[in-house]
Amino acid sequence: MAATFLDLPVGSPGGSVELFIDLYTGRQPLIPARAFMLAPPDHAPRLPAGLNVLPVAGKCLEGTAFSRYVATLRRALTALLDPTQIGVLHLQHLAFGATPALIRALPAHPRIALVHGTDLIFAETHRDQLQVLRETARAADAIVVPTNAMADRLLKLAPQIERRKITHIPWGIPGHLLTAPPARPARTSTSHLRLLYAGRLTTEKGGETLIKSLAPVPGVELSVAAPRAQFHALAPLLQRAGVRVRYLGWLRRPQLWKAFTQHDVLVVPSTTLEAMGLVAPEAQACGLPVLYQPVPGLSEALAASGMTTDFTHSAALARDLDRLMKTPGLLSALRQAGYANAARYPLSATARSLTDLGRQLT
C-alpha cells in the first residue's frame with residue numbers, strides 16, 4: 001500500500017492530476033494507495049472511488065506562510081494515516097507542500113519521488129521551492145522521471161543528486177483508450193484545417209504565442225479546450241489579434257477524447273519543457289496528429305511520430321500548416337505514426353514499474 005498526496009484541489013486541470021487519478025483511484029486501482037488531494041474551494045465534484053480530500057487552506061509557495069502550510073498538511077496526514085498500513089511513499093512532486101508534509105508525517109518509510117515539469121519550472125523561479133526540491137532529492141530513495149530530458153534538467157538544478165537514484169519510467173495512457181479508441185468520423189471537407197489546443201493556458205504552455213502566430217495564417221480553425229477563467233483572460237489578446245476561437249470548455253477526459261476525433265491536428269506550443277506532454281500521446285491514440293514545439297521532454301516522448309514547428313515564428317508556422325493541408329498523405333502518415341507511438345505508453349506498464357520499484361525499496 002502506497003501513501004500519496006497531490007496538493008491540488010480535486011478537479012484541477014493538468015496532466016499530473018489525470019495521471020494521479022488514473023494510477024491511484026477507482027474500485028480496482030492500478031496501485032493500491034491511500035491517495036489524497038485538497039478539497040475544492042467551492043462545490044466538490046464527484047470523487048473517484050478511493051480518493052480522500054483534505055480540507056486544508058493556505059496553499060502557497062514561499063516564506064513563513066509556506067512553512068505553516070506544510071505543518072498543517074503534516075498534521076492532517078498524521079491524523080489520517082496508520083504507518084503500519086503503508087509500505088511506501090509516492091511523492092507526487094519534488095517541490096510544493098504535499099511532499100515535505102508526507103515525508104514528515106511518515107518519516108520512516110521508503111520514498112519514491114515522481115518528477116513533473118512544474119516542479120522544475122517553479123524551482124527555477126522560487127527560492128523556497130528550489131530548496132524543497134533539493135531536500136526532497138536528497139531524502140528520496142528513488143526519483144522517477146518520465147523522460148531522460150527531465151533528468152538532465154533536474155541535475156542542473158540539483159547537481160548533487162546521486163544519479164543511481166534516478167529511474168526512467170514513462171507516464172502512461174489508459175489501456176481502454178489504446179485498445180478501443182473513439183471512432184473518427186469521415187472528414188467531408190478539406191477547405192480548412194481544424195486545430196485543437198487542449199490544456200492549461202499558463203505562460204509556459206505557449207497559448208499566447210500560438211494566438212499571435214496564428215493571427216495572419218489563413219485557412220485554419222482553432223478550438224480551445226482549457227479552464228474557463230484562463231481562456232477568458234485571453235479575451236483582450238484574441239480581440240487585438242483578430243483570431244476567432246471556438247471555445248469548448250474544460251472537458252472531462254471522455255469528452256476530450258471525443259474532441260480529438262473531431263479535429264485534424266493537436267497543437268502543442270509549450271515554450272519551456274514538458275514532463276512528457278501526456279495529452280499528446282493520448283491524442284495520438286485517438287488518431288489525432290500532433291504539431292509541436294520541440295522542447296525538452298516533448299521531443300523525446302513524440303520524436304518523429306509528430307511534426308515539429310516553431311510557434312514563435314508566424315511564417316514558419318504558416319508554412320508547416322500549409323504542408324499539412326496540401327501534402328497528400330501527410331496527415332494520414334502522421335496518424336499512423338501516432339498510433340504506433342501511443343502504443344508505447346500503456347498505463348499498466350507505468351503502474352507495474354512503479355510497483356516493482358517500491359518492492360525493491362521495501
Side-chain angles (χ1 to χ4, degrees), residues 8-9 11-15 17-18 40-43 117-118 121-122 125 187 189-253 255-274 277 279-280 282-283 288-295 298 306-326 331:
L8 286 170
S12 295
V17 177
E18 301 297 354
D42 42 24
H43 67 283
T118 47
I121 290 169
F122 278 81
T125 55
R187 181 81 201 270
S189 170
T190 57
S191 61
H192 62 283
L193 203 61
R194 301 170 303 175
L195 308 180
L196 173 64
Y197 174 93
R200 300 193 309 275
L201 286 167
T202 46
T203 303
E204 74 279 1
K205 295 296 185 180
E208 291 190 11
T209 301
L210 171 67
I211 289 166
K212 291 173 183 176
S213 292
L214 269 184
V217 179
V220 296
E221 173 188 288
L222 176 64
S223 300
V224 172
R228 185 171 298 277
Q230 293 177 6
F231 177 75
H232 287 327
L234 284 181
L237 174 61
L238 289 170
Q239 191 170 16
R240 289 195 304 272
V243 176
R244 294 189 63 184
V245 173
R246 188 164 65 106
Y247 178 55
L248 305 180
W250 179 245
L251 303 178
R252 292 181 293 110
R253 291 285 272 311
Q255 294 173 317
L256 180 60
W257 296 337
K258 184 176 180 182
F260 288 154
T261 70
Q262 297 165 345
H263 291 83
D264 301 311
V265 179
L266 179 77
V267 289
V268 188
S270 299
T271 62
T272 310
L273 80 160
E274 290 281 351
V279 70
E282 283 197 4
L288 185 61
V290 177
L291 181 68
Y292 70 99
Q293 188 81 22
V295 296
L298 208 54
M307 180 172 164
T308 62
T309 192
D310 188 350
F311 286 94
T312 66
H313 289 90
S314 188
L317 178 59
R319 183 189 63 241
D320 289 329
L321 290 172
D322 191 61
R323 279 184 60 206
L324 286 168
M325 236 183 319
K326 295 180 180 176
L331 283 174

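Positions are given from 1 along the sequence. Small disclaimer: the values here were computed from a predicted structure and weren't measured.
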Peer 1: Say whether, by atom type as modelled, one donor and one acceptor occur between the side chain of T271 and the main chain of E204 under 3.5 angstrom.
Peer 2: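 A pair under 3.5 Å: yes.
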Peer 1: Of all heavy-atom pairs between S213 and T312, which one has the smallest distance, and what is that distance?
Peer 2: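 Distance-wise, the nearest heavy atoms are OG-C, 3.9 Å.
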Peer 1: If you compare all heavy atoms of L234 against all heavy atoms of I211, which two are closest, and at what distance to 0.1 Å?
Peer 2: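 That would be CD1-CD1, 3.7 Å.
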Peer 1: Find out whether L237 and K212 are in side-chain contact, i.e. whether some heavy atom of one side chain is under 4.5 Å from a heavy atom of the other.
Peer 2: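 They are in side-chain contact.
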Peer 1: Does K205 offer a backbone N or O that forms a donor-acceptor pair with the side chain of R200 under 3.5 Å?
Peer 2: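 No.
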Peer 1: Is the shortest heavy-atom distance from the side chain of L324 to the side chain of M307 under 4.5 Å?
Peer 2: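 They are in side-chain contact.
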Peer 1: Are D320 and D322 close enough that some pair of their side-chain heavy atoms sits under 4.5 Å apart?
Peer 2: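 The answer is no, as the side chains (C-beta and beyond) never meet within the 4.5 Å cut-off.
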Peer 1: Let me confirm one number: the CZ-OG1 distance from F311 to T209, rounded to the nearest 0.5 Å.
Peer 2: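 If I round to the nearest 0.5 Å, the distance is 10.0 Å.
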Peer 1: Would you say that more than 12 heavy atoms from the other residues, nucleotides or ligands in this model lie under 6.0 Å from the NE2 of H313, or not?
Peer 2: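 Incorrect, the count does not exceed 12.
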Peer 1: Would you confirm whether E221, through its side chain, and R194, through its main-chain N or O, come within 3.5 Å as a donor-acceptor pair?
Peer 2: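 Not confirmed, E221 side chain does not pair with R194 backbone.
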Peer 1: So do the side chains of L298 and Q293 get within less than 4.5 Å of each other, counting heavy atoms only?
Peer 2: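 Not in contact.
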Peer 1: Taking the side chain as every heavy atom from C-beta outward, state whether T272 and V295 have any pair of such atoms under 4.5 Å apart.
Peer 2: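 Heavy-atom side-chain distance check fails, nothing below 4.5 Å.
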Peer 1: Can you confirm whether V17 sits close enough to L8 that some side-chain heavy atom of one is under 4.5 Å from a side-chain heavy atom of the other?
Peer 2: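 A side-chain contact exists here, since the closest heavy-atom pair is under 4.5 Å.
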Peer 1: To check you understand the geometry: which heavy-atom pair defines the closest contact between P9 and P40, and what is its length?
Peer 2: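 Taking every non-hydrogen atom into account, CB-CA, 3.9 Å.
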Peer 1: Could you please spell out the steps behind the side chain to side chain contact (heavy atoms under 4.5 Å, CB included) verdict for I121 and L273?
Peer 2: CA-CA 8 Å; I121 290 169; L273 80 160; 3.4 Å; yes
Peer 1: So do V265 and L196 actually touch side chain to side chain, heavy atoms under 4.5 Å?
Peer 2: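 Counting from C-beta outward, L196 and V265 never come under 4.5 Å.
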Peer 1: Find out whether L266 and Y197 are in side-chain contact, i.e. whether some heavy atom of one side chain is under 4.5 Å from a heavy atom of the other.
Peer 2: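 They are not in side-chain contact.
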Peer 1: A316 and T309: which non-hydrogen atoms are nearest, and at how many Å?
Peer 2: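 Closest pair (atom of A316, atom of T309, distance): O-OG1, 3.8 Å.
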Peer 1: If we check side chain to side chain contact (heavy atoms under 4.5 Å, CB included) with L291, which of these qualifies: D264, T308, L195, L317?
Peer 2: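 The passing option is L317.
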Peer 1: Set out, in order, the CA-CA distance, both residues' side-chain angles and the distance that settles side chain to side chain contact (heavy atoms under 4.5 Å, CB included) for V267 and V290, then state yes or no.
Peer 2: CA-CA 6 Å; V267 289; V290 177; over 6 Å; no
Peer 1: Mind listing the closest non-hydrogen atom pair of G207 and P269 along with its distance?
Peer 2: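 It is N-CG, 4.5 Å.
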Peer 1: With side chain to side chain contact (heavy atoms under 4.5 Å, CB included) as the test, would you mind laying out the steps for L331 and L193 before giving the verdict?
Peer 2: CA-CA 11 Å; L331 283 174; L193 203 61; 4.2 Å; yes
Peer 1: Minimum heavy-atom separation for V243 to A215, with atom names?
Peer 2: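 Minimum heavy-atom separation between V243 and A215: CG2-CA, 3.6 Å.
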Peer 1: What side-chain hydrogen bond (donor to acceptor under 3.5 Å, both in side chains) pairs are there with at least one residue in residues 243-253, not counting sequence neighbours?
Peer 2: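 Every side-chain hydrogen bond (donor to acceptor under 3.5 Å, both in side chains) pair that includes a residue of residues 243-253, provided the two are not neighbours, is E18-R253, D22-R253, S223-R246, R246-H263, R253-E282.
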Peer 1: Under the side chain to side chain contact (heavy atoms under 4.5 Å, CB included) criterion, do W257 and L288 qualify, and how do the steps go?
Peer 2: CA-CA 10 Å; W257 296 337; L288 185 61; over 6 Å; no
